[in-house]
Structures are given as C-alpha cells and as structure tokens.
Amino acid sequence: MALITKAIKGTQDVLPSAVYENQFIERAMTDIAGKFGYGEIRTPVFEHTELFQRGVGGTTDVVQKEMYTFEDKGGRSITLRPEGTAGAMRAFLEHGLFNEALPQKVCYVISCYRYEKPQAGRLREFHQFGAECFGTPSPAADAEIIALANAIFDFLDIKNLRLEINSIGCPSCRAGYHRALREYFEEKRDELCNTCLERLEKNPMRILDCKSPVCSKIAADAPVVIDYLCADCAEHFESVKKFLDAMCIEYTINPRIVRGLDYYTRTVFEFVSDEIGAQGTVCGGGRYDGLAEELGGQHTPSLGFALGLERLLLLMHAQNTPVPQPERCELYIAPVGESASLEAAKTVNDLRLSGISAQTDVYGRSLKAQMKFADKLNAVYTVVLGDSELQSGEVSVKRMDDGETTKLSLENFVEEFLELSISYSTDSLTDLINSENPDFSKFIGGLL
Ligand code: ATP
Ligand code: MG
C-alpha cells in the first residue's frame with residue numbers, strides 16, 4: 001500500500017524541535033496581554049458560514065475566494081474560521097458580555113484557514129495571536145491596543161518594524177469617499193478585473209486591496225480616504241495620534257492602508273517588516289464599530305488586531321532573536337542488569353514526580369550505547385547503576401559539562417539530587433538573566 005506521507009498543501013507540521021519557540025511566544029503574548037487587561041477566550045474552529053459572510057463582508061477576498069466552506073451531515077453550511085474577530089464578537093454577543101463592565105478585552109491564539117496561494121509567509125492553515133476590545137469608542141483604546149502589539153514586539157526584541165496607521169472614516173464620511181472612488185475607477189473600468197467591476201458597484205474601497213497587478217497599479221493613484229474624513233473622524237484620529245505620542249510609540253501615516261476585511265472603521269494599522277519578503281505585514285488591525293450591529297447585536301464600538309505567528313517566526317529567525325531553550329534532560333540513569341533497570345525506573349519516576357526532567361533506558365541499549373544516547377539528549381548529569389552500586393547503596397553522579405562527580409545515596413537519591421541540581425541550575429539561570437536583554441530577563445525572572 002502506498003504511504004500517506006504528505007500533509008495538505010499550505011499546511012505545515014511543527015516538530016518538537018521547533019514547537020518550543022511557538023510555546024514561548026504564545027505564552028509571552030498572552031502574559032503581556034494579561035497585563036493590559038486582556039483575558040484569553042477560546043471559540044470553536046468552525047462557525048456558521050453566515051457569520052463570516054456578514055462579519056468579514058461579502059465583497060472581501062476572504063469571503064469571495066478563500067473560505068473553507070462545507071456542508072455538514074445535518075445540511076448546515078459550515079466554515080473553518082478564516083480569522084478570529086467574528087467568532088470572538090459572536091461569543092461576546094451570545095453570552096451577553098455587553099452587560100459586564102465595558103470594555104471587555106479578550107485575546108486568543110488560534111489556527112485560521114484560507115484557501116490562498118501558498119508561499120513564504122502565506123499558508124492555508126496559519127496561526128494568529130489576536131486581541132479584541134469590545135464596547136469603547138474612545139481613541140485612548142485605539143492607542144492602548146496598538147501599545148499592546150508594540151509591547152509584544154518590544155518584549156521579543158523584534159527590530160526594524162514599522163507601525164503604519166491610517167483612518168478610513170465612518171459610513172457617513174465614507175459616502176463622499178465612495179463617490180470619489182467610483183468617479184476615479186469608472187474612467188478605468190475597462191482595465192479592472194471582473195471581481196473589481198462587481199466591487200465598483202457594491203464596495204469600491206475593496207478595489208484598493210485587490211491583489212491583481214493591473215488593479216493595484218490603478219489603485220495606487222486613487223483618492224485616499226483620509227482626505228474625506230468628517231470632523232468627528234478627523235478629531236478621533238488626531239486624538240489617537242496624541243495618545244501614541246504620549247506613550248512615545250513611533251508611527252508613520254500611510255493613507256493607503258484600508259485593510260482586507262469589510263468591518264473596519266476609523267483607525268486602521270499595520271506593523272510591517274522589510275525583512276521577510278513580499279508578505280511583510282506581521283500584524284494588522286483596527287476599529288470595527290459596525291460589526292456588532294452587522295451580526296444583529298446592539299451598537300458596540302470595538303477594535304482589535306491579529307498578529308500572524310508564522311510571519312513573526314520568519315522575522316525572528318531572520319533576526320536571530322533569542323528564545324529560551326527547552327528544558328534539558330537533567331539526569332540520565334544508565335542501568336546495567338535487570339535489578340538495576342527496575343531501580344532506575346523507580347528513581348526516574350520519583351524524580352519526575354518531583355519536577356525533574358529525567359530519563360532512563362526504555363530501548364534495551366548496551367551501557368556504551370546508553371552513554372551515547374545520554375550525550376544526544378544533552379543530559380546535564382548521568383549516573384551508571386549496576387550491581388555494585390545497588391550493593392553499596394551509593395552512586396556517582398557525573399556532571400557532563402565538566403566531568404565533576406558527586407556521590408549520592410540511593411536511599412535519599414531524589415532529595416540529594418534536587419539539592420545538587422538546584423544549586424547548579426540557579427547559577428546558570430542567574431547567568432542567563434544577567435546576560436540577556438532586560439525585558440527578556442524580567443520574563444524569565446518572573447518564571448522563577
Ligand atoms: P495579507 O494582505 O498579507 O493577505 P491580510 O490583510 O489578509 O494579510 P489579516 O486578515 O489582517 O491579513 O490577518 C492578520 C495577520 O495574519 C496578517 O498580518 C498576517 O500576519 C497573518 N496572515 C493573514 N493571512 C495569512 C496567511 N494566509 N498565511 C500566514 N499568515 C497570514
Ligand atoms: Mg489576505
């Protein structure tokens with residue numbers, strides 16, 4: 001029978017040798033978000049298709065071309081989430097969180113599904129860290145959520161990221177802008193792709209982020225929305241900038257940012273890198289004051305962002321960003337003979353129950369092969385356990401870094417080993433804390 005050894009195009013496995021990086025950044029992000037008052041929310045990976053049609057918008061690329069939609073056995077139209085905001089907002093409305101003190105701030109780490117052309121930084125299954133702040137129109141909240149994304153990049157020591165912001169106004173100022181856009185694109189309608197011709201009628205702003213080279217060339221000279229803001233939206237944007245200035249967060253204004261999803265209003269922003277190729281937007285977000293009503297809820301001004309974990313990792317690798325290494329095997333016990341194997345099994349089990357990472361032979365290797373294996377595991381200490389050790393009740397623990405040996409009793413092995421390894425690892429952790437960047441050290445310090 002033929003082997004099934006290929007994952008689906010556009011998906012990727014993360015093997016144990018790499019997964020610790022994801023765990024580190026996910027934990028750092030949710031911890032930092034916690035300090036900003038964001039609690040983690042978990043919502044289903046699939047939702048009713050209509051949620052995304054209404055929430056993301058029927059004229060977007062995501063809904064028109066990229067969704068994984070299928071009928072379940074009960075005849076419902078189901079879609080694998082292409083993003084996290086619509087599901088989080090659905091949960092906010094469903095559970096009446098609008099009755100709680102506002103704003104309600106939530107964050108999440110999720111997988112997302114979009115049928116796109118796979119390439120570096122663009123997958124069909126990808127992952128996002130997202131943060132959403134429901135129920136506040138205040139520009140202080142816009143600046144605060146940007147500060148959260150900024151704090152995450154700062155903590156991870158990511159360099160050369162550009163924060164670009166823009167305001168795309170509200171439905172009332174957008175009416176004038178839509179007129180100007182229609183006028184502009186009408187003259188060039190012969191050159192537009194079919195999807196954009198449809199957008200010209202329904203939502204001309206979507207033409208601005210069409211990926212077709214012809215349409216994007218035409219869009220480059222189109223009028224920009226920031227010139228059409230109503231007084232309220234202009235004032236809101238000014239205020240967001242003042243709050244960013246007050247927090248010393250640097251930004252540039254990019255009047256061409258419109259974002260790919262229909263629900264955005266007023267502030268939109270992106271964190272962009274030039275170091276990871278064409279897919280340089282690591283994080284994107286903005287305000288979506290109309291989304292709750294779009295889903296049938298009451299008016300709930302809100303905002304959020306999503307940060308692509310694969311793109312962030314590409315950038316971290318490009319910049320050699322330090323990440324704490326996974327826990328090393330503290331002790332490898334190499335038994336020789338059957339009685340020693342039983343004693344080793346018991347001892348490593350006791351060690352693990354006491355929180356120590358320990359291993360022994362579960363393969364049937366010779367002593368020599370076991371020592372090679374312990375070397376591969378990069379074990380901090382090793383012990384050989386044979387008949388003579390069992391008889392004397394004493395073993396010799398060898399520190400592999402420098403060959404130093406210490407005699408420990410078998411009877412009190414766990415306590416004595418704990419003492420020995422703690423005194424050594426405290427030294428090395430202190431070194432790490434002193435040597436790494438200060439934010440990073442604070443985090444490791446917090447874990448101790
Ligand atoms: P792009 O313009 O690159 O298609 P987008 O506007 O569709 O991005 P959002 O919907 O705002 O992206 O998603 C937020 C973030 O999620 C992006 O900035 C990116 O980091 C990540 N992301 C989006 N689509 C993908 C994908 N197909 N593969 C990997 N990461 C993605
Ligand atoms: Mg996209």
Side-chain angles (χ1 to χ4, degrees), residues 7-12 14 22 25-26 29 52 55-57 59-68 79-89 107-132 145-146 148-150 152-153 156 158 161-166 168 195 205-213 215-216 219 254 256-264 267-288 291 303-318:
I8 290 176
K9 187 173 168 186
T11 69
Q12 63 187 20
V14 186
N22 294 61
I25 58 178
E26 287 164 17
M29 287 171 173
F52 302 113
V56 177
T59 57
T60 58
D61 267 1
V62 170
V63 168
Q64 289 191 326
K65 302 177 185 166
E66 299 172 0
M67 291 206 305
Y68 279 90
T79 294
L80 301 186
R81 63 179 164 218
E83 54 92 59
T85 305
M89 178 59 97
C107 68
Y108 48 80
V109 178
I110 57 169
S111 57
C112 298
Y113 303 85
R114 297 186 192 177
Y115 193 77
E116 299 201 70
K117 195 167 162 236
Q119 51 200 292
R122 193 175 293 288
L123 293 143
R124 290 182 174 171
E125 180 185 67
F126 63 99
H127 297 80
Q128 290 184 337
F129 170 82
E132 317 286 350
I145 212 163
I146 292 174
L148 166 57
N150 196 63
I152 288 170
F153 293 126
L156 294 173
I158 307 293
L161 263 188
R162 215 164 45 245
L163 166 60
E164 299 184 347
I165 62 171
N166 190 23
I168 58 170
T195 320
M205 263 174 86
R206 285 277 70 83
I207 303 176
L208 300 176
D209 55 27
C210 180
K211 297 275 190 311
S212 118
C215 297
S216 45
N254 178 353
R256 304 248 159 235
I257 302 181
V258 291
R259 310 285 310 126
L261 314 182
D262 269 355
Y263 50 57
Y264 285 106
T267 317
V268 289
F269 60 92
E270 292 184 347
F271 285 83
V272 188
S273 163
D274 296 323
E275 294 172 37
I276 51 170
Q279 271 58 248
T281 306
V282 179
C283 172
R287 186 167 267 291
Y288 45 85
L291 176 61
L303 65 160
F305 70 75
L307 197 162
L309 297 189
E310 286 82 3
R311 289 187 197 175
L312 174 65
L313 278 168
L314 280 180
L315 186 55
M316 289 173 72
H317 293 160

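Values reported hereafter were calculated over all heavy atoms of this structure, with side chains retained and with hydrogens, waters and symmetry mates removed. Counting starts at 1 for both ligands and their atoms, in listed order.
For the pair L309 and V109, the minimum side-chain heavy-atom distance is below 4.5 Å. M67 has its side chain out of reach of V56: every pair of non-hydrogen atoms, C-beta onward, lies at least 4.5 Å apart. Contact check for D209 versus D61: no side-chain heavy atoms found under the 4.5 Å cut-off.
Donor-acceptor pairing under 3.5 Å is lacking for the side chains of E66 and Y115.
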Listed pairs under 3.5 Å, donor-acceptor, residues 277-285 side chains, sequence neighbours left out:
| from | atom 1 | to | atom 2 | distance (Å) |
| --- | --- | --- | --- | --- |
| Q279 | OE1 | R122 | NH2 | 3.2 |
| Q279 | NE2 | Q119 | OE1 | 3.4 |
| Q279 | NE2 | A120 | O | 3.2 |

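When only non-hydrogen protein atoms are considered, atom 22 (N) of ligand 1 lies nearest to F126 CE1, 3.5 Å. Distance from atom 12 (O) of ligand 1 to its nearest protein heavy atom, with residue and atom name: R114 NH1, 3.8 Å. If you check which protein heavy atom lies closest to atom 8 (O) of ligand 1, you get R311 NH1, 4.3 Å. The nearest protein atom to atom 1 (P) of ligand 1, hydrogens excluded, is given as R122 NH2, 3.6 Å; this is a heavy-atom distance. Atom 21 (C) of ligand 1 has as its closest protein heavy atom G308 CA, 3.7 Å. Here the protein heavy atom with the shortest distance to atom 27 (N) of ligand 1 is E116 OE2, 2.6 Å.
At a heavy-atom distance under 4.0 Å, only backbone atoms of V282 (N, CA, C or O) approach ligand 1. Residue contacts with ligand 1 for Q128 involve side-chain atoms from C-beta outward but no N, CA, C or O (heavy atoms, distance under 4.0 Å).
Near T281, with a cut-off below 4.0 Å to any heavy atom, the atoms of ligand 1 are 17 (C), 18 (O), 19 (C), 20 (O). The ligand atoms of ligand 1 that sit less than 4.0 angstrom from a heavy atom of A306 are 14 (C), 15 (C). Atoms of ligand 1 found under 4.0 Å from any heavy atom of R259, numbered from 1 in the order shown, are 6 (O), 9 (P), 11 (O). Annotation for ligand 1: atoms under 4.0 Å from non-hydrogen atoms of G121 are 28 (N), 29 (C), 30 (N).
The shell of residues lying under 4.0 angstrom from ligand 1, judged by heavy atoms, excludes E83. At least one heavy atom of K211 lies less than 4.0 angstrom from ligand 1.
For the atom pair CD1 of I146 and CZ of F271, the computed distance is 6.5 Å after rounding to the nearest 0.5 Å. Expressed to the nearest 0.5 Å, how far OG1 of T11 lies from CZ of R124 amounts to 9.5 Å.
Considering backbone and side-chain atoms together, L307 places no N or O closer than 3.5 Å to any N or O of ligand 1. For a threshold of 3.5 Å applied to N or O pairs, the pair formed by L123 and ligand 1 contains at least one separation below that value. Backbone and side-chain nitrogen or oxygen atoms of E310 are examined, and none is located within less than 3.5 angstrom of a nitrogen or oxygen of ligand 1. No N or O atom of Q279 sits closer than 3.5 Å to an N or O atom of ligand 1.
For S216, there are no side-chain contact (heavy atoms from CB on, under 4.5 Å) partners two or more places apart in sequence or in a different chain.
Heavy atoms of other residues, nucleotides or ligands lying less than 6.0 angstrom from OH of Y68 number more than 12.
The residues R259 and E270 are annotated as salt-bridged, a charged nitrogen and a carboxylate oxygen being separated by less than 4.0 angstrom. Look at D274 and R162 and you find a salt bridge, because one of the NZ, NE, NH1 or NH2 atoms lies within 4.0 Å of a carboxylate O, short of that distance.
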